[in-house]
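Quick notes on the structure that follows.
Chain identifiers are assigned alphabetically (A, B, ...) following the order of the sequence lines, protein sequences preceding nucleic acid strands; residue numbering begins at 1 within each chain. These values consider heavy atoms only, across backbone and side chains, with no hydrogens, waters or symmetry-generated copies. Please read all numbers here as calculations on a predicted model, not as lab measurements.
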2 protein chains.
Amino acid sequence: MRYGDAVTELGRRERKKLQTRKSISDAATRLFLERGFDEVGVKEIADTADVSVTTLFKHFPSKEALLFDEDEEQESALVAVVRNRGDRSIPMALRDHFVRAAQGHADHPQFEIFQRLVLETPALRDYGHRMWTRHQDALARAIAEETGVPADDVRCAALARFALEAREVIFDREDRERAADEVFGLLEHGWAADQQA
Amino acid sequence: MRYGDAVTELGRRERKKLQTRKSISDAATRLFLERGFDEVGVKEIADTADVSVTTLFKHFPSKEALLFDEDEEQESALVAVVRNRGDRSIPMALRDHFVRAAQGHADHPQFEIFQRLVLETPALRDYGHRMWTRHQDALARAIAEETGVPADDVRCAALARFALEAREVIFDREDRERAADEVFGLLEHGWAADQQA
DNA sequence: CTGAAAAAGTGCAACCACTACACTTTTTAA
DNA sequence: TTAAAAAGTGTAGTGGTTGCACTTTTTCAG
């Protein structure tokens with residue numbers, strides 16, 4: 001590791017480990033999208049990735065986890081949105097973030113299929129929702145810091161939770177941008193009133 | 001069925017079915033509270049209730065469901081709170097409902113143990129949360145009717161969802177009444193602002 | 001009262017996600 | 001060079017859950 005800390009050099013071992021992980025994840029994603037979550041067993045995924053079932057579970061804690069592989073990015077993105085919101089209010093900045101993300105996904109049709117798979121498979125919908133709401137604490141802390149209140153302020157926790165839940169309320173609607181306006185409008189007004197007090 | 005429709009007369013068969021269901025539920029609850037959810041197998045519950053495992057699963061869809069047996073009451077209670085709120089706003093009526101429920105539970109120490117079991121067992125916490133948020137649609141419809149807007153109004157859905165989620169945000173806090181004030185205050189102001197528009 | 005249909009319950013075998021274990025192979029680093 | 005650390009493997013299991021063929025109980029019409 002010579003030129004700075006940002007680029008972490010990897011030894012052969014870690015490179016191979018990452019490669020194994022990726023081949024498992026790829027096999028799982030492909031098979032799930034092709035035939036559905038419940039129609040594919042872990043054994044078949046392991047075989048396709050050419051590893052043992054034991055190895056598969058050393059890399060992923062559950063069958064559902066095979067499909068949700070990028071978590072930290074989303075969390076830091078949420079925190080960044082609150083931090084770099086400019087002159088917008090926090091709820092409005094989050095609203096813009098969700099709307100922009102939804103539009104960005106609309107580009108790649110591959111993502112639409114992924115989304116439908118998750119929405120239509122109860123186990124995946126639940127798992128995804130649980131992973132998503134795990135960001136509540138980080139988001140609440142960011143909001144608290146920006147607002148200048150204690151990190152465990154209840155209103156910040158509530159706003160964080162509500163904003164995260166808002167996503168699912170909005171995703172079920174036809175006109176998502178309009179829905180986002182109304183739902184986040186509710187949070188916006190409540191939040192603004194609380195701030196003045 | 002002679003004296004009115006409210007009391008449904010049951011034949012011997014349905015009475016026995018209900019009795020079987022109850023003995024299973026009772027055995028499960030007792031064993032779970034005594035030794036913990038993960039430390040008791042369905043086989044043992046079935047044996048204790050003197051039924052087969054097959055029968056157990058004919059009455060309950062999953063191991064978790066054995067502990068959550070009273071669903072409809074909660075839902076109708078929520079709807080009733082919105083309907084009979086008097087001159088209070090909808091968010092405030094819901095706030096009172098949750099605070100009162102929490103205080104009512106504080107009376108019976110048996111309920112504290114039940115609550116801790118659920119909170120400390122991830123599988124139960126998740127299942128309970130999922131059951132709880134199933135009431136979103138019914139609550140949203142009640143709110144819409146009271147407000148005089150279409151039944152599928154997004155803001156009503158959002159308020160319903162947020163109020164249901166508020167419960168968990170509040171339950172994690174020490175001073176629940178104070179937390180309820182702040183969290184529902186946020187919804188109250190947002191909701192009021194939207195109503196005037 | 002009788003006999004058949006409907007429903008509740010049973011025991012067994014199996015499926016599937018997941019884990020513990022004892023083991024081999026590969027990679028690392030002193 | 002070599003020994004420890006880490007990745008991977010196969011097997012045998014656990015535990016929740018389901019399908020199936022079956023018996024028992026309850027109902028109800030003739």
Side-chain angles (χ1 to χ4, degrees), chain A residues 1-2 8-29 31-32 35-68 117 121-128 130-131, chain B residues 1 8-29 31-32 35-68 121-128 130-131:
Chain A
M1 189 155 60
R2 283 183 186 170
T8 308
E9 302 249 341
L10 298 170
R12 193 188 329 259
R13 174 138 85 204
E14 313 215 329
R15 245 181 294 129
K16 287 206 169 181
K17 188 178 180 183
L18 243 56
Q19 180 187 331
T20 304
R21 182 191 173 85
K22 186 173 183 327
S23 76
I24 296 171
S25 172
D26 287 351
T29 306
L31 290 174
F32 286 157
R35 317 214 314 267
F37 183 76
D38 296 319
E39 271 60 57
V40 182
V42 285
K43 177 71 171 18
E44 189 181 351
I45 297 169
D47 287 348
T48 305
D50 204 35
V51 296
S52 71
V53 175
T54 308
T55 298
L56 184 152
F57 279 111
K58 283 230 174 84
H59 285 271
F60 298 90
S62 70
K63 188 185 176 188
E64 290 83 18
L66 291 164
L67 209 54
F68 294 85
L117 175 67
T121 311
L124 287 177
R125 188 167 177 150
D126 286 347
Y127 185 85
R130 210 178 319 138
M131 292 295 109
Chain B
M1 189 155 57
T8 308
E9 303 247 344
L10 299 169
R12 194 189 326 268
R13 193 200 246 145
E14 313 213 330
R15 245 181 294 128
K16 287 208 171 183
K17 187 177 180 181
L18 242 54
Q19 181 187 331
T20 304
R21 182 191 172 86
K22 184 173 184 329
S23 76
I24 295 171
S25 172
D26 287 350
T29 306
L31 291 173
F32 286 157
R35 317 214 314 265
F37 183 75
D38 295 319
E39 271 61 57
V40 182
V42 284
K43 177 71 170 19
E44 188 182 350
I45 297 170
D47 286 348
T48 304
D50 204 36
V51 295
S52 71
V53 175
T54 308
T55 299
L56 185 151
F57 279 109
K58 284 231 173 86
H59 284 270
F60 298 91
S62 70
K63 187 185 176 188
E64 291 83 19
L66 291 165
L67 209 53
F68 295 86
T121 312
L124 287 177
R125 186 166 178 149
D126 287 346
Y127 185 86
R130 211 178 319 138
M131 291 298 108

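- A donor-acceptor contact under 3.5 Å is formed by the side chain of Arg13(B) with the base of dA6(C).
- Whole-Å rounding puts the Lys58(B) NZ to dC20(D) P distance at 12 Å.
- Counting only heavy atoms from C-beta on, His59(A) has its side chain closest to dG8(D) among dG8(D), dA6(D), dT17(D).
- Of the candidates dT9(D), dT26(C), dA17(C), dT26(C) carries the atom nearest the Lys16(A) side chain, counting heavy atoms from C-beta on.
- Atom pair Phe60(B):CZ and dG9(C):P shows a separation of 11 Å (rounding to whole Å applied).
- Among all heavy-atom pairs drawn from Ser25(B) and Phe60(B), the shortest one is CB-CZ, 4.0 Å.
- For Ser52(A), the listed nucleotide lying nearest its side chain is dG10(D); candidates were dT17(D), dG10(D), dT28(C).
- Within 4.0 Å (heavy atoms only), Val53(B) reaches at least one base atom of the nucleic acid.
- The distance from atom CD of Glu44(A) to atom C1' of dA17(C) is 15 Å, rounded to the nearest whole Å.
- In terms of heavy-atom proximity, Val40(A) sits nearest to Lys63(A) at O-NZ, 2.9 Å.
- Whole-Å rounding puts the Leu56(A) CG to dT19(C) P distance at 11 Å.
- Nearest heavy atoms, Ala49(A) versus Ser23(A): CB-O, 3.7 Å.
- For Asp47(A) and dG8(D), the CG to C1' distance is 15 Å, given to the nearest whole Å.
- Taking atom CZ of Arg15(B) as the reference point, atom C1' of dA7(C) lies 16 Å away to the nearest angstrom.
- The separation between Leu67(A) atom CG and dA17(C) atom P is 14 Å, rounded to whole Å.
- Ion pairing of Glu64(B) with Arg130(B) is absent here, as no side-chain N (NZ or NE/NH1/NH2) approaches a carboxylate O to less than 4.0 Å.
- Here dT17(D) is the nucleotide among dA8(C), dG9(C), dT17(D) with the atom lying nearest to any side-chain atom of Ser62(B).
- Across all their heavy atoms, Ile24(A) and Ile45(A) have their closest contact at O-CG2, 4.1 Å.
- In this structure, the CG atom of Leu18(B) is 16 Å from the C1' atom of dG9(C), given to the nearest Å.
- Residue Thr54(B) places its side chain closer to dT10(C) than to any other of dT10(C), dT17(D), dA8(C).
- For Phe57(A), the listed nucleotide lying nearest its side chain is dA17(C); candidates were dT17(D), dT26(C), dA17(C).
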